[in-house]
Every structure is written in C-alpha cells, then in structure tokens.
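The figures here come from the full heavy-atom set of this structure, side chains too, leaving out hydrogens, waters and symmetry mates.
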Amino acid sequence: MLSPPSHLADHFQQLVHCMAMSLGFEFAVIGIQTADRKSIGTLAIDSKGKPVELTYPVKNTPCKITLEGEPYIVPADAARLYPDDEPLVQLGTESYAGARFHDAVTGRYGVVAGLSTKPIHDVDRMTTLIATFASSAETARRAEAATQSRDRFIASISHEIRTPMTAIIGHAELLADPQTAAANHDEHIQTITNSGKQLLNLINDFLDTAKLDAGSLKVECAPVRPAQIAADVVALHSPKARGKGIELICTHAPSVPECATTDQYRISQILGNLIDNAIKFTEQGTVSLHVDFETDPAALLFRISDTGTGIPDHLQKTIFDPFAQVNQDQPNAPKGTGLGLTICAKLAKLLGGSIELDSTIGMGSTFTLRIDPGCTCSTPEIDAPPTPIPADALRGRSILLVDDSETIRRLLYMFLTRAGAKVTTAKDGQHALDTINASAPFDLIIMDIQMPIMDGPTATRAIREMGIASPILALTANTAHSDKEECHRAGCSAFLTKPVPRNTFIETCAQLTQTVTV
C-alpha cells in the first residue's frame, strides 16, 4: 500500500477535495506507482471530503494510459470502456480525467484523476484543469522530498558528529584513567587524532558547500603531476581498501602529460571522495583509478571504477544533488552527509570540467572526472625538498600570543615554548595593546581575529598606528577569502586557519621571525 506520508496527508486531502469540487466530479484520486510499477497506491477523496485508501493494478485501466504521458480524458462510457477497472465499475463511472506527475520522493510517476457519473462536455477545459492539479501534486511531492532529505541530513549529521566525538571523549577518558596501561597510550592518542581529523573534514565539507553556493570558493592553479596525484590518493586510501579485502589499483595511460596546470588540492579532494565512496559501496572485488588524456579538446580524465552494488537509474539523476544518498532506506547501507558528490560536481565545474556516471545494478559504477589540464609539459620542475625545521626553531624569539580562548592559549603556548620561544599572552585586543605599551618590542605577534572587547583587525590597526613593525600572524577559525583580505588590510603579515597543524604553525612563525629559510 502506498499513500502520502502522514504529515502531508492533510495537504493531499485538501488538494484532492479541491480537485473534486473544481472539476465537478464526485470522486478524485492521487495515485503513485508501487515499486513494481504494476499497481497504483491511491489516496481517494469523494466530493464530501471523505478519504479512502486503496491499491489496484493499472493494467486495463485509464491510469495505465495516463502514466504513459499526456493528460488522458474519457468524456463518456468510462466503465464500459474499462470493464476490468473494478473501482470505475463499482462507482458507475461515466467520465474520467487524469494527468501524470513525477513523484520526487520515490522517483516513480503518479496520477491525479477525477471520476464522475456524468459525461465531460468541455474536454479542452478539463485537460487544462487536470494538468494544473498534476503540477500541484508534483510541487507537493518535491516539497516532501526536500523535507525528507533535510530530515535524513540532520540524522546523518548527528551520526557523523557523534561517532568521532564518542571516540575522542572515550579515549581521552581512558588516557586519564591511571589503570590504563602506558603501552596503550599511543593507540588512544592515534584514535583521538584520527577522530579529530574526521570531524575537521566534516566541517570543511560544510564550509565548502556554503562557499560553492555563494560563488566565493576559488581554485588555485599551479603546475602539478596528474599521475602522481592519483598515486598519492590511492596510497592514502589503500589501508581502508585492504581492511575490506578489496584490491585498490592505480594506472595511467602513456598519453598522460608529466605536468598539467590545475588545483592539486581540489583534484585530490574530488578523487579522495570518489574513491572513498567506491570502497564504501564495494564488498568484494576491485576499485580502480585510471588516469587518461584526451587531445581534442584537451582534457585530463580520472576514471574511478568499482565492482560494487551499482546505483539505481532513478537515483543516478539525483546523486549529485545536496543530501542525496544511495540506498538511503536500507538499514545496513553506508551512511554519510550526502554532501560529498555535490561538492565534487561543483569543484569539477570550477576546474573547467565535469563528472560523469555510468552504473549498472549489481555490476558496479564508474565515475569519470574530466577537467581542463591548462598548460601541459613533459619535463616539470622538481620541487626542492622542504628544509627541516629545527626543534628549537624559535629559540630566543619573543612572541605575544593573543587569543580569547584559554584552551587555545595554553595549547599554542606549549607549541611555542617547546620551539624555544619566550611567550607573553593576552586575552583580547585591548589587553594586547596594554601589554605592548608595557613591554619591549616583540619579534612576532600572533593575533586571534574574533575576540570580545577588541577584535583582532582593530587591535592590529592600532598596533600599526603605534609605529610597531613586528610581523603579525592572524590566526582564525574563519576561512572566507574576505576574512583574509580584511586581515591584510588591517596590517597582518600572514594568515592561518584553525585548527593548524603544529609543524605548519611553527614553520610559519619561524619564517616570519626569519630564524629559518622556508
């Protein structure tokens, strides 16, 4: 039995009742195909507003013809023309008017129809009216699909956040427990670190989605090695594949250029998401990434193929929509936020390309990322290995650390002092100005941006107005390009986004204080 969801039942009853009254019919129905597409599950309303639910086969019924496309009108003799349609016969139906609509909730088609014991005299008017009600039903079901997607999204977000948070809190409690063996400390620390990174990835997905929707996300193109990018992404996901007994393969065609010009970080983000999904929905067999090159027009191709469950046809049309998920109604299906593929598709467009999908149920899927390679070359410059940062990279340097969060101040204080720095702290911008007035010049000022009393940009401008030329490192949880621009306009020398890895943080501080060459 298929009927409208309970929280939309009132809306559908009103719609069907309005149909019955507007069409001048004694009976009106909204029906949606069952999964086998052989029957219709209906919510029927008579002209007095009484609801009736039923399911019946569509074979040899006017609904069968209606489902094929255009509005269908039987102006007279409906029961005689369709003797196998039991509801029509029982109601003594003389005329029928129906129109098809697409049901966004199930991906199948539905029918709105009116039944009357009187003939239809104005067929054109009736065709227009029934098509209008079909459009209203389609709009209602799109709204229901959006509501269901939102509800699934909220449930998924709760799950995605609570799972790593449970691991972080639990393993932190075990570390604090005196009975926990010292030999197990590394395991607990690694779990906490991995869970924190998982949470950070989730937050980054939200931020990327917001930036993409606002059109504010920018790609940063530079010379890259396409084959090496693919190999690095595969190496990163190999442990997960091995854990499921799946073979993860990476190959590239001879025609792939040694060097292309694009955004390495964003390509890695797309490929990582696609490979992660492929592994998630593959229980046995292989997942492969093959890099290829086309010349007319020039395009880099990254094909991710799996031997997984495949994606149903109706979901292939919506798989790149926000919050869309494969097999979302199956209790044991892999879960997620439903944002990954949306982000991938939009990033691919920013990179001058697209993502194509070819999938067959039970045989697997292939996602093809196609991007503009920009300038290509056969002999890319080899980057020099990074200069190792000494453990005491900040020895002898005086640093003012400004942050309103005591937890962050304590963390960064430990980072800096262990690198040899002499650190003074301040809890807001005004406190920082008071400290500067009372102290000798600092070699570096680390400035949080969002703070009470006086924020970072205001404090930075005041420091520059005092004639202090010390480098100022902006440290913030905001990632918007406009925030970076504001910091630079205020007089900041560099910008880092929280959470920042310890090595990156110390390396940046060392570069700004010119204690090492980076």
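The two residues P226 and V256 have their closest heavy-atom pair at CB-CG1, 4.1 Å. Shortest non-hydrogen contact noted between Q316 and I311 is NE2-O, 2.9 Å. Taking both residues in full, the closest heavy atoms of I355 and A345 are given as CD1-N, 3.8 Å, listed atom of the first, atom of the second, then distance. Nearest heavy-atom pair, G429 versus A459, reported as atom, atom and distance to 0.1 Å: CA-CB, 3.7 Å. Of all heavy-atom pairs between G364 and S359, the closest is O-OG, 3.3 Å. The shortest non-hydrogen separation linking V402 to A432 is CG2-CB, 3.7 Å.
For the residue pair N194 / T191, no side-chain donor-acceptor distance below 3.5 Å is found, with atom types taken as modelled. A donor atom on one side chain and an acceptor atom on the other are not found under 3.5 Å apart for D404 and Q450. Between D186 and Q190, the side chains place no donor N or O within less than 3.5 Å of an acceptor N or O (distance only, hydrogens not considered).
Side-chain atoms of T508 come within 3.5 Å of backbone N or O of T504 as a donor-acceptor pair. With hydrogens and angles disregarded, a donor-acceptor distance shorter than 3.5 Å links the side chain of S470 to the backbone of F442. For D392 (side chain) and R395 (main-chain N/O), no donor-acceptor pair under 3.5 Å exists by modelled atom type. Using a distance-only test at 3.5 Å, with no hydrogens or angles considered, a donor-acceptor pair links the side chain of S405 to the main chain of I408. Proximity of a side-chain donor or acceptor of R409 to a complementary backbone N or O of D403 within less than 3.5 Å is detected. Using modelled atom types, no side-chain atom of D443 and backbone atom of T513 make a donor-acceptor pair closer than 3.5 Å. Within the 3.5 Å criterion, the main-chain N or O of L300 finds no donor-acceptor partner in the side chain of E294. Listed for the S195 side chain is no donor-acceptor partner under 3.5 Å among the backbone atoms of A167. Here the side chain of T180 pairs no donor or acceptor atom with the backbone of A176 at under 3.5 angstrom. When atom types are taken as modelled, the side chain of Q269 and the backbone of C344 share no donor-acceptor pair closer than 3.5 angstrom.
One distance of note links OG1 of T262 with CD1 of I371; it measures 4.0 Å at 0.5 Å rounding. Going from atom CG of D177 over to atom NE2 of H188 covers 9.0 Å, rounded to the nearest 0.5 Å. From Q430, atom CD reaches atom CE of M451 across 10.5 Å, with rounding to the nearest 0.5 Å. To the nearest 0.5 angstrom, L412 atom CG is 5.5 Å from L401 atom CG. Atom CG of D372 sits about 11.5 Å away from atom OG of S354, to the nearest 0.5 Å. Rounded to the nearest 0.5 angstrom, I453 CD1 and T458 OG1 are separated by 12.5 Å.
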- Could you please spell out the steps behind the side-chain contact (heavy atoms from CB on, under 4.5 Å) verdict for F293 and L301? CA-CA 6 Å; F293 186 73; L301 276 64; over 6 Å; no
- Query: Between V105 and I32, is a side-chain contact (heavy atoms from CB on, under 4.5 Å) present by the stated rule, with each step listed?
  - Reply: CA-CA 10 Å; V105 174; I32 301 172; over 6 Å; no
- Message: Working note: E138 + R142, criterion salt bridge (charged side-chain N to carboxylate O under 4.0 Å, His left out); need CA distance, chi angles, decisive distance, verdict.
- Response: CA-CA 6 Å; E138 188 163 321; R142 281 201 300 268; 3.3 Å; yes
- Message: The test is side-chain contact (heavy atoms from CB on, under 4.5 Å); show your working for D448 and K498 and say whether it passes.
- Response: CA-CA 10 Å; D448 187 24; K498 301 174 185 175; 3.2 Å; yes
- Worked verdict on R303 versus D292 for side-chain contact (heavy atoms from CB on, under 4.5 Å): CA-CA 8 Å; R303 291 191 180 92; D292 209 339; 3.6 Å; yes
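Counting heavy atoms from C-beta outward, Y265 and V224 have side chains that stay 4.5 Å or more apart. Side-chain contact check for L200 versus P499: some heavy-atom pair is nearer than 4.5 Å. Counting heavy atoms from C-beta outward, F495 and T476 have side chains that approach closer than 4.5 Å. At a threshold of 4.5 Å between non-hydrogen side-chain atoms, the residues Q511 and C509 do not count as touching. Contact annotation: the side chain of R418 never approaches that of I506 to less than 4.5 Å [non-hydrogen atoms, C-beta and beyond]. At a threshold of 4.5 Å between non-hydrogen side-chain atoms, the residues S365 and D358 do not count as touching. Side-chain atoms of I446 and L400, non-hydrogen and from C-beta on, never get closer than 4.5 Å to each other. Contact of the T139 side chain with the F101 side chain is not registered, since no non-hydrogen atoms from C-beta on lie closer than 4.5 Å.
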Tabulate below the donor-acceptor pairs under 3.5 Å that side-chain atoms of residues 229-248 make, not counting sequence neighbours, or state none.
from	atom 1	to	atom 2	distance (Å)
D232	OD1	Q228	NE2	2.8
H237	ND1	V233	O	3.0
H237	NE2	G272	O	3.4
S238	OG	V234	O	2.7
K240	NZ	D276	OD1	2.5
K244	NZ	I279	O	2.8
K244	NZ	K280	O	3.3
K244	NZ	T282	O	2.8
K244	NZ	E283	OE2	3.4

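Paired with L351 under the rule side chain to side chain contact (heavy atoms under 4.5 Å, CB included), one option of R266, K346, R370 passes, and it is R266. Of the listed residues (L512, I436, T460), just one forms a side chain to side chain contact (heavy atoms under 4.5 Å, CB included) with I445, and that residue is I436.
Ring planes of F415 and F505: tilted class, angle from 30 to 60°.
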